[in-house]
Amino acid sequence: MHEFSIASAVVDTAVRHAAGRHVTEVHVRFGRLRQVVPDSLEFAFGIVSRETVCDGAKLSWEVVPARLRCTGCAHEWEIELPAFRCPGCGGAAVTVLSGEELEVESIEVEEGAACIA
Amino acid sequence: MHRVKVRVVEDALDANNTIARANRADFDRAGVAVVNLMSAPGAGKTTLLERVLAGGSSIDGVRVGVLEGDVQGSLDADRLAHLHVPVVQLNTASGFGGECHLDANMVRSALPALPLDDLDLLIVENVGNLVCPAEFHVGEDARIMVASVAEGEDKPLKYPLMFRTCELVVVNKVDLLPYVDFDLERFLYHLDAVHPGVAHLEVSARTGEGVDALRAWLARVPDRVQTPA
């Protein structure tokens, strides 16, 4: 379900930037903390993109690691599991440096020769 | 025909966030603070609201209204309407199927039906779901989630996005603790790992235990919003 909601948002964003051109690839970046399952997203993207300019487009992605910084002791670390307390000082105040991205990074579109004249 | 790469670099939820900001601006203009109330299906959101508002829709002088989000039907809104609480029902179903969460645009569509001038606090009861609602801001000032002891103590680890996005976690159905294999200490330990320092309240919508504390927390939201830290 989650992936369908995200796929819809991804397709809407791509369609807007495509400005009527046919999209052949959509590249997304998502952070580890967004809990996106790539296979599910790809499946949902295939369905949600039907009857839009993204129909048949390839979805490619990169996963951004979750990095945190402790506000108290400035320790920086990467997490693989949802454990957000600072392992250095036990502090609760942490800043998420990366891992919350949910971004359409680029799209590849088909352009007719007339368009670039 | 040739292929061109177009750099986008845009948050996929940008469109939703833009509408959420517009909602927020409208709420601010009307002087209404907004709480987004989320939980899994059956955690007790509506029963909790019934308890909180049982004595009337004004708590400590704060006039409360409710926006009910459901996939289908008006069962929850009807329950609150019985208590004379200003309530508006929002269904996410359009024809076949329905959205599993409220988004900013759905809430926007309900704005004309809301008596904002007569409210200080609007509680938006989201669709029961621990995943998608966390992704979609609707223009709220604060997020509360309800986790019931019938759901299991491991839920913060399974739905970290939801637990991290809330500033208050209401642990409901504590009257069931003697009957279920729910280790409250373990739940709080997991909660602290996922969202260190987050506030929590232990309540039972059924017996009324802890409901006063929740009522007091809600009554403070409008003041807190008007005086930013």
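Going from atom CZ of B:Arg3 over to atom CD of A:Glu110 covers 5.5 Å, rounded to the nearest 0.5 Å. Distance check, rounded to the nearest 0.5 Å: OG1 of A:Thr13 to CG of B:Asp11 gives 8.0 Å. Atom CG of B:Asn129 sits about 8.0 Å away from atom OG of A:Ser5, to the nearest 0.5 Å. The distance from atom CG of A:Leu33 to atom OG1 of B:Thr165, rounded to the nearest 0.5 Å, is 12.0 Å. Distance check: A:Asp12 CG to B:Asp14 CG gives 12.0 Å after rounding to the nearest 0.5 Å. Put simply, CZ on B:Arg7 and NE2 on A:His17 are 11.5 Å apart, with the number rounded to the nearest 0.5 Å.
Using a 4.0 Å cut-off between a side-chain N of Lys or Arg and a carboxylate O of Asp or Glu, B:Glu10 and A:Arg16 qualify as a salt bridge. A salt bridge links A:Arg34 with B:Glu135; the closest basic N to acidic carboxylate O contact falls under 4.0 Å.
A:Gln35 places a side-chain N or O within donor-acceptor distance of the main-chain N or O of B:Lys158, the cut-off being under 3.5 Å.
When every heavy atom of B:Gly197 is checked against every heavy atom of A:Arg85, the shortest pair comes out as N-NH2, 4.0 Å. Across all non-hydrogen atoms, the minimal contact from A:Pro82 to B:Leu157 is CG-O, 3.8 Å.
Contacts between B:Tyr159 and chain A at a heavy-atom distance below 4.5 Å involve the backbone alone (N, CA, C, O). Heavy-atom distances place both the backbone and the side chain of A:Ile107 under 4.5 Å from chain B. Neither the backbone nor the side chain of A:Val26 comes within less than 4.5 Å of any heavy atom in chain B. Using a 4.5 Å cut-off between heavy atoms, B:His101 contacts chain A through its side chain alone, with no backbone atom that close.
Side-chain contact check for B:Leu13 versus A:Leu102: some heavy-atom pair is nearer than 4.5 Å.
The residue among B:Arg164, B:Lys5, B:His190 with the most heavy atom pairs within less than 4.5 Å of chain A is B:Arg164. Across A:Ala14, A:Ala93, A:Ala92, the residue that shares the most heavy-atom pairs under 4.5 angstrom with chain B is A:Ala92.
Other residues, nucleotides and ligands contribute only 12 or fewer heavy atoms inside 6.0 Å of the CZ atom of A:Arg69.
Taking the salt bridge (charged side-chain N to carboxylate O under 4.0 Å, His left out) definition, one finds that B:Glu167 meets it with B:Arg224, sequence neighbours left out.
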